[in-house]
Each structure stands twice: as C-alpha cells, then as structure tokens.
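Read through the structure below, which is laid out as structure tokens, and then see the notes.
Each chain gets a letter, A, B and so on, in the order the sequences are listed, and its residues count up from 1. Below, each value reflects all heavy atoms present in this structure, side chains not excepted, and no hydrogens, waters or symmetry copies. Fair warning: this is a prediction, and the values are worked out from it, not measured in the lab.
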Amino acid sequence: MTQPFRGTYDQLPELAARQQYIVDAARVQASLYGYDLVSTPIFEYADVFCRSLGESSDIVSKEMFVFDDRHGDKLVLRPEGTAGIMRAILSNKLTSQLPEKYFYAGPMFRYERPQKGRFRQFHQIGVEFIGESMPGSDVEVISVAWDLFERLGLTQKVELQINSLGDSESRQAYRDVLVTYFSDLKDQLSEDSKLRLEKNPLRILDSKDPGDRVLIESAPNLKDYLNDISQEFLGSVLEGLGILKIPYVLNPHLVRGLDYYCHTAFEFVTDCLGSHSAVLAGGRYDSLAQLMGHKEPIPSIGWASGIERLNLLMDQEISSIRPISIIPIGPTAETQVLVIAQWLRREGLKVILSHHGNLKSHMKYANRINAAKAILLGDTELENHTAIVKCLDRGTQQEVGLSQLVQYLKASS
RNA sequence: GCGGGUGUAGCUCAGUUGGUUAGAGCACCAGUUUGUGGUAUUGGGGGCCGUGGGUUCAAAUCCCAUCACUCGCCCCA
C-alpha cells in the first residue's frame, strides 16, 4: 500500500532538482537550434504504437502498458516519444509546413523488469527533426546531442557510435544474405539468436553471446551491401561530424529494434552504467509516417535520451539558491515577520519562515535548510526598527535598520 | 519472461553452532545555555528483524512461498 508500484519511484526535492536541471539544459540547448518544446499525451490509441513500432518488436509484444477504456478502446501508456509526435504532425495537418523541429520531455512506460537505470515509468528527453531528408539534418540532431553532453560535462564519459542501416533496398538485400548465412549455422546459434533469426535477423549482430560473436565475426558486413545512395548519405553525415569535430566510432553491428529506422543509426554509449550502455540513441525514420497511414514518406530523424541514465552519469552537485531564514523571537515578532517575509519576497529574495520551536530549534532549522543568513527579530529590534542579520557561514551578525535591510541582504549575498 | 544476490531503527550496517530484554554509528528530539545554529557532553524517542506459512520447548537466525530491491540475460533510454 505505501510502496510505489514496481519500477516506479518518487522524485523527492534533491532528485527532482537534478532531473529538472537536465531537462532544462536540454531544452535550452535544443532551442538554440530552433527545436521548440512540444508535449503530446502520455497515452494514445494502441495502434499509434502497434503499427509504427512493428508487431514483432519486443516493445509491442511484451512491454506495453495496455488498457481498455470504458468504451472498449484499446489504449496504451506511451513507451516512447517519436510515434506520438508523428501522430501529432498528422493530426494537426502540419505536413504542408514541414520541416518542423521539436523538443520534448516527459514520462515513458515499459512493462519491464526494473534494473539500475531502467524503470517502468522512466523519463526521456528527445528531439525530432521532421520533414527533412538531407544528411545535414542528421548531423544537426547529433550535434544537439553532443552540445548537450558538453553542457552537462559528460563528453569524457560517452562515446558516439554510428552506423548506416541503408535505405530499404539496401537493407532488404542485406537482410536476405544475413538470413542465408545464419540459417546455415542455425545449430550453432544461441537460443535467443534463433528467435532473432525469425523476428529480426539484424539484431543477431549485437548479441552478447560469446558463441554468437564468433559467428558474427565472419558474417557478411552491412557496409558491403549499401547501395550508392546509402553510401553517399553516410559519407555526408560522417563528413559533417568531422567538420564539427564531433568524435565518433563506426560500429557496423549497431542496429535498431524498431521497424521504421533507415540510414543513420547512432548511440551515445558509456561503460559507467553496467549492462545498459546506451544513454542516448536515435536514427532516421523516413517510413514512420507511412506506417501510420500517411500516403507519402515524411523523412525525419531524431533521438531520445533517458534522464535517469544521464543523472547516473552526472556526479556533480546541482547548486540551488540558498534561502534566508527569518526567525521571530517572542509573540509580537511572530506576526511582524509575516509582513517582513512578504516584503522581502516581493523584492525577489528567497525567504523561509521558521514557524515552530524555541530560538535554538529555529537556528537548527535554518542550518538544516542550508540558509545563508538568518534574520532575527525580537522586541528590542522591533522597538528600534531594526533586525539582526546573522551570516550562518561565518557566525558573524549585525544589526541592520529595516529601511536598509533589502539593500544589505542583496549586497552581501 | 529467465538466472544469481540481498531484505534487521530515518540511513549505513553488527547480531556467535537457533537460546531469554535485538545492538552500534550517523540522523532526529531534549537538557547543559530562559535572545543564537554547526563543535562538545548528558539524556531521550524510535524496530510485527520485508510479508505469510512451516520445523522446534525456543526462530532475526533453519525450510517453503511471496513481495521488494539489486546484479546479469532478453530488450531498451
């Protein structure tokens, strides 16, 4: 009863502040590139995700929080952000004014077994560049991500891995040879990879099974099956990253679990999070709009990043404004401090009233809330129209006339 | 969904081959200081030993189940 549902957690002030700091940093960074904040519902018709992610994907087949509403409609708590945003583009008939550049942040839901950095309700930030087919847009969204890591001081902890899945023609050709290759070796594959062979053969490439890895070594390489268009596209993206001096590593085994990806696929990975290496991942999804019933493709690219994982990587403290504690001494002062606190707040100062206890416990409270200063107000001070301002770091204090109080507090803060 | 580990005070953890009233440090509250916090000192509150069942004269301790957390797998951010 008092414990939260499996895989969910409370964000108490310290954690909430850290996570909000990350969201704010990302929102500001994205806005410098013209990505504006949007927000879509956290639940959608199930079809929004079932059709776009692919029925066979793990997310759809076993990880969605699905429920029926009172009319029997199948609804689902969103497991990711991109499909909802594409749905919003189509619902709001924005297809004639593309491209659009969006930033979003919010909770996502997947019915998984919780682990470090993995929750059932988790939080993502992401950007989507919708309606642009040029490789420069791929470079741009990766650049937003890189700038964010710089802003958060995490560039030393992450590595950008990139790959091309090719266009549909290249991918289909490669998929065919890969299936042929692994079908011959089926007996040697791990149990998991036997299933992958049926459902999503590309996924065999990033299997962690040692036996699989040996087979993967000599498997056909996706790179050799990219047609001219796909190779040229990848070349342009890599060139752009080079110009921007964004370091990357080509990873030919980097693939995507979802059906709608093509061309550029990338991940920022880390070795600081145990088995979950991906901190931010994205790719190009030109065919998503069609999967959702739109007649033509809407070429698009974006990424999403897990706030919980970013937070685990950040070891520095998040600084917050230290308050001023205001402490009444005696019954007359108790009503007077209300007025003074209100006055100081209107001057933009962060003032916390101490409501309960003797002077000693008031001071302890001031200490606990990390107040920089305490304002002490007793009968003597009321008569003199002054207040005692005590610096809690140094232990020094000074009697200040009320008329100069604001100036004094602002000057010494 | 599969496998391993851990659940004792708000937190970090002791707790003997099962044995009588379950401990420590930190944190919290109060006194030493009736108008001054952090340090010191003295005292105090606080535990269905995760939960339910079983074995036993006797269970925090052994067994089973269950829940939660955690690590790995699958998958993902």
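You'll find that the side chain of A:Arg113 is closest to B:rC71, out of B:rC75, B:rG37, B:rC71. The side chain of A:Gln115 approaches B:rC71 more closely than any other nucleotide in the set B:rA77, B:rC71, B:rU36. Out of B:rG37, B:rC75, B:rU36, the shortest distance to the side chain of A:Leu359 is found at B:rU36. Looking at the side chain of A:Asn358, the nearest of the listed nucleotides B:rC74, B:rU36, B:rG31 is B:rG31. In the set B:rC76, B:rC74, B:rG35, the nucleotide with an atom closest to the side chain of A:Thr380 is B:rG35. For A:Gln397, taking side-chain heavy atoms from C-beta onward, the closest of the listed nucleotides B:rU36, B:rA30, B:rA77 is B:rU36. Set against B:rU70, B:rC75, B:rC74, the side chain of A:Glu112 has B:rC75 as its closest nucleotide.
In terms of phosphate contacts, A:Lys208 brings a side-chain nitrogen or oxygen within less than 4.0 Å of OP1 or OP2 of B:rC73. Here A:Arg6 reaches the OP1 or OP2 of B:rA68: one of its side-chain N or O atoms lies under 4.0 Å away. The phosphate of B:rC76 has OP1 or OP2 within less than 4.0 Å of a side-chain N or O from A:Arg203. An OP1 or OP2 oxygen of B:rU70 is reached within less than 4.0 angstrom by no side-chain nitrogen or oxygen of A:Arg118.
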Task: Test log, rule side chain to side chain donor-acceptor pair (under 3.5 Å), inputs A:Glu128 and A:Thr82 - done: CA-CA 7 Å; A:Glu128 311 290 356; A:Thr82 305; 2.9 Å; yes
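Under the Watson-Crick or G-U wobble criterion, with both distances below 3.5 Å, B:rA22 has no partner in any strand shown. Pair assignment for B:rU6 gives B:rA68, based on Watson-Crick or G-U wobble hydrogen-bonding distances that are each under 3.5 Å. Base pairing of B:rU33: no nucleotide in any strand meets the Watson-Crick or G-U wobble criterion (both distances under 3.5 Å). Pair assignment for B:rA27: none, as no Watson-Crick or G-U wobble contacts are both less than 3.5 Å. Under the Watson-Crick and G-U wobble criteria, each requiring two contacts below 3.5 Å, nucleotide B:rU39 is left unpaired. Base pairing analysis places B:rC73 opposite B:rG1; the two distances defining the Watson-Crick or G-U wobble pair are each below 3.5 Å.
Nucleotides B:rC13 and B:rU56, compared at atom C1', are 29 Å apart to the nearest Å. Comparing B:rC2 with B:rG10, their P atoms are spaced 33 Å from each other, to the whole Å. Taking atom C1' on both nucleotides, B:rU12 is separated from B:rG47 by 16 Å, rounded to a whole Å. Using atom C1' as the reference point in both B:rG31 and B:rG15, the two lie 32 Å apart (nearest Å). Going from the C1' atom of B:rU8 to that of B:rC71 covers 22 Å, rounded to whole Å. Atom C1' of B:rU36 sits at a distance of 49 Å from the matching atom of B:rU20, rounded to the whole Å. Taking the C1' atom of each, B:rA24 and B:rG5 are spaced 25 Å apart, rounded to whole Å. Spacing of C1' atoms, B:rU41 relative to B:rU33, comes out at 13 Å, to the nearest Å.
In this model, a donor atom of one side chain and an acceptor atom of the other lie less than 3.5 Å apart for A:Ser207 and A:Asp212. Counted by atom type alone, A:Ser168 and A:Arg171 present zero donor-acceptor pairs between their side chains at under 3.5 Å. Side chain to side chain, A:Ser230 and A:Tyr225 fail the donor-acceptor criterion of an N or O pair below 3.5 Å. Checking A:Ser190 against A:Arg196 by side-chain atom types alone, no donor-acceptor pair falls below 3.5 Å.
Rounded to whole Å, the distance from CD1 on A:Ile125 to P on B:rA77 is 13 Å. Rounded to a whole Å, the CG atom of A:Asp393 is 16 Å from the P atom of B:rG37. One atom, CG of A:Asp271, and another, P of B:rG72, lie 13 Å apart when rounded to the nearest Å. Nucleotide B:rG1 holds its P atom 20 Å from the CD atom of A:Glu191, rounded to whole Å. The separation between A:Met64 atom CE and B:rG1 atom P is 17 Å, rounded to whole Å. In this structure, CZ of A:Phe5 is placed 8 Å from P of B:rA68, rounded to the nearest angstrom. One atom, NZ of A:Lys360, and another, C1' of B:rG35, lie 13 Å apart when rounded to the nearest Å. When rounded to the nearest whole Å, the span between CG of A:Leu313 and C1' of B:rA77 equals 11 Å.
Taken to the nearest 0.5 Å, the OH atom of A:Tyr365 stands 10.5 Å off from the CD1 atom of A:Ile327.
Across all strands, A:Gly330 comes closer than 4.0 Å to no nucleic acid atom at all (heavy-atom distances). Residue contacts shown for A:Ile329 include a base, since a base heavy atom lies under 4.0 Å away. Looking at heavy-atom distances under 4.0 Å, A:Phe119 makes contact with a base. Counting non-hydrogen atoms under 4.0 angstrom, A:Gly282 reaches nothing in the nucleic acid. Note on A:Ile388: a base of the nucleic acid sits closer than 4.0 angstrom, heavy atoms only. Here A:Asp209 lies out of heavy-atom contact (under 4.0 Å) with every strand. Using a 4.0 Å heavy-atom cutoff across all strands shown, A:Arg368 reaches sugar-phosphate atoms only and no base atom. Nucleic acid contact for A:Ala304: sugar-phosphate only, since backbone atoms but no base atoms lie under 4.0 Å from a heavy atom of the residue.
Comparing A:Leu280 and A:Lys390 against RNA chain B, the residue whose closest nucleotide sits nearer the 5' end is A:Lys390. Residues A:Tyr111 and A:Pro114 each lie close to RNA chain B; by heavy-atom proximity, the contact nearer the 5' end of the strand is made by A:Tyr111.
Listed here is the closest heavy atom pair of A:Leu178 and A:Pro201: CD2-O, 3.8 Å.
Note on ring orientation: taking the six-membered ring where Trp is involved, the planes of A:Phe149 and A:Phe268 are tilted (angle from 30° to 60°).
Contact of the A:Gln161 side chain with the A:Glu159 side chain is registered, since non-hydrogen atoms from C-beta on lie closer than 4.5 Å.
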